[in-house]
Amino acid sequence: MSFAELRGQMLRRKPLTEVETDTPADERLARHLGLWQLTAIGVGGIIGAGIFSLAGSVANKTTGPAVLISFLIAGVASACAALCYAEFAGMVPKAGSAYTYGYVSLGELAGWFIGWDLLLEYIAVAAVVAIGVSGYFNFLVEQIGFSLPQWMLGAPGTGEGHRVDVFAVVFCLGTAWVLSRGIKSVGRFETVFVGIKVALVLLIIGLGVFHIDSANYSPYFPYGSAAVWTGAATVFFAVFGYDAMSTAAEESTEAKKQLPKAILYSLAIAMVLYVLATLVLTGMQKYTEISPTSGFSTAFKSVGMPGIANVIAVGAIVGIITVVLTFMLGVTRVWYAMSRDGLLPEWFAKTHPQRRVPTRVTWIVGVASAVLAGLLPINTVAELTNIGILMAFIVVSVSVIVLRYTRPDEPREFRLPLMPVVPIVGIGFSIYLIWSLPWETWARFAAWLLLGLIVYFGYSRRHSRLEQPGAEIAGR
């Protein structure tokens, strides 16, 4: 094969005109998600550990009461990416999110890399959150007086006698079971659990506001004003989740109209709750006394409301459950989309004949996340999640600029404002955060991408549907 032919394979683009009806019947997904179910999935992916643990940790160690400013900065940066996702969602209502967006605008190799990247990142996110849920379960079990064997309470190296985190394993497999029941069940589950979570956060805000002591806000910048940027870099990972929700485009009843709205609604709802919650948290308790792991629980205990503290602990579990479900949904739909396009074996793209969900991929992802969650410490798994999500944000931001100028007349249900300022700000913030990551994270990321390069040139480019005779290729 000549270099020109190889270059043509790497840069060929999936056409925007391709529609869901081109998909074989045994690979199609069922459309059951409405606007508010999509929004619930987005809110479910965004609100979780960010409110229940991360806010307290950053306030205590990094920013003090100015954690509110950190969340606002991170929210602005995330909003830039969200606007890019919203424009794409109104143009390309296909499963796969950033993978598909990169494929139609930058070419097959770029799409492949971001899809391959998200497979690892989303599985790792699900595993990290499952480990967090397991910690709350262990705490509650101890509270009611049960003593469990040490071997089942954590991964090796996380405590004396620990061998496997059984709760985390069961939780990952249970989530896979929920996903395998069909998207209608997932939508109902997310809507109910997100409703409970939002109600809990509103309860925290409504009760906590009466116990705010303005003296706790002073000094507002105890670690210096520059610390809010460090805090923003930390809490940034609490303000995405809409990206995973956008992978469910082909399961929406009106994707082009509903997805852009759901992306923006979910981020707006989450940011309002984050701002109000952090304002209450740092007002109830001096930042030096806020617990890094259970901020609101300790805050309510400090004002003589231990019963509310226990409710918060249970609510935190409910809140974090939806995060795992959202990201596991995301990775299964990216995998499904790559397989349907021929870049991975099409065996994975087969859907259940009645439920119309990719059950094969769902159970593989469930087992993979269970292995990570059960056998690795949370910090090791968490390090796998950061760089890939940021790379996805960069790809989407670049892609929306490319398509705005190469296909300016293409119909768009939503057009992001201030082009190209908004996506450039998103790109800049993502690059800044990536640059701040430790070299070990870069090394793992590079190793995963090298493996992906081998898979692409060894299998994907030859089996791509765009390689088949008569395939429509954008730009040809």
Side-chain angles (χ1 to χ4, degrees), residues 7-8 10-18 42 73-118 121 236 239-247 249 255-257 259-264 266-268 334 337 341 387-435 449 466 473-476:
R7 179 178 177 274
M10 294 188 293
L11 296 180
R12 59 194 174 193
R13 292 175 286 125
K14 176 185 284 191
L16 281 170
T17 54
E18 186 179 284
I73 294 172
V76 169
S78 186
C80 292
L83 289 167
C84 296
Y85 272 89
E87 177 161 317
F88 257 120
M91 294 176 63
V92 191
K94 301 285 286 182
S97 187
Y99 153 72
T100 301
Y101 305 157
Y103 203 166
V104 301
S105 58
L106 303 180
E108 185 171 280
L109 186 61
W112 160 263
F113 268 129
I114 203 63
W116 180 256
D117 160 43
L118 290 178
E121 307 307 326
F236 183 80
V239 293
F240 66 81
Y242 51 80
D243 55 315
M245 175 265 285
S246 68
T247 64
K256 285 190 175 183
K257 293 182 178 180
L259 268 179
K261 293 179 181 178
I263 290 170
L264 300 179
S266 61
L267 182 59
V334 171
D341 291 337
I387 192 169
I389 301 298
L390 290 168
M391 288 298 297
F393 282 3
I394 291 173
V395 167
V396 172
S397 298
V398 170
S399 298
V400 81
I401 295 174
V402 169
L403 276 190
R404 181 68 75 90
Y405 291 107
T406 59
R407 304 288 291 273
D409 298 325
E410 193 69 34
R412 290 167 168 84
E413 289 290 333
F414 173 83
R415 296 176 71 91
L416 67 86
L418 300 176
M419 172 66 81
V421 175
V422 170
I424 288 175
V425 170
I427 292 168
F429 202 90
S430 297
I431 291 174
Y432 167 75
L433 292 178
I434 288 176
W435 190 257
L449 290 190
L466 297 187
I473 300 176
R476 290 192 178 180

How long is the span from the OG1 atom in T100 to the CD1 atom in I114, to the nearest 0.5 Å?
11.5 Å

Side chains of residues 419-434: which donor-acceptor pairs under 3.5 Å do they make with residues two or more places apart or in other chains?
from	atom 1	to	atom 2	distance (Å)
S430	OG	G426	O	2.9

Can you list every pair that meets salt bridge (charged side-chain N to carboxylate O under 4.0 Å, His left out) and has a residue in residues 103-117, with sequence neighbours left out?
R12-E108

Rounded to the nearest 0.5 Å, what's the gap from CE on M391 to CG on L118? Could you check?
10.5 Å

Side chain to side chain donor-acceptor pair (under 3.5 Å) against S266, all qualifying residues, sequence neighbours excluded:
none

Aromatic plane relationship, W112 with W116 - under 30° parallel, 30 to 60° tilted, over 60° perpendicular
parallel

Would you say the side chain of T406 lies within less than 4.5 Å of the side chain of L403, judging by non-hydrogen atoms?
yes

Check the pair V104, R13 against side chain to side chain contact (heavy atoms under 4.5 Å, CB included), reporting the backbone distance first and the verdict last.
CA-CA 5 Å; V104 301; R13 292 175 286 125; 5.7 Å; no

Should V395 and Y101 be marked as a side chain to side chain contact (heavy atoms under 4.5 Å, CB included) after you check the CA-CA gap, both sets of side-chain angles, and the distance that decides it?
CA-CA 8 Å; V395 167; Y101 305 157; over 6 Å; no

In residues 81-92, what donor-acceptor pairs under 3.5 Å come from side-chain atoms, sequence neighbours left out?
from	atom 1	to	atom 2	distance (Å)
E87	OE1	R404	NH2	2.6
E87	OE1	L416	N	2.9
E87	OE2	R404	NE	3.2
E87	OE2	R404	NH2	3.4
E87	OE2	R412	NE	3.0

Which residues share a side chain to side chain donor-acceptor pair (under 3.5 Å) with S105, sequence neighbours left out
S399

Looking only at heavy atoms, which two atoms of Y103 and L466 are closest? And how far apart?
OH-CD1, 3.4 Å

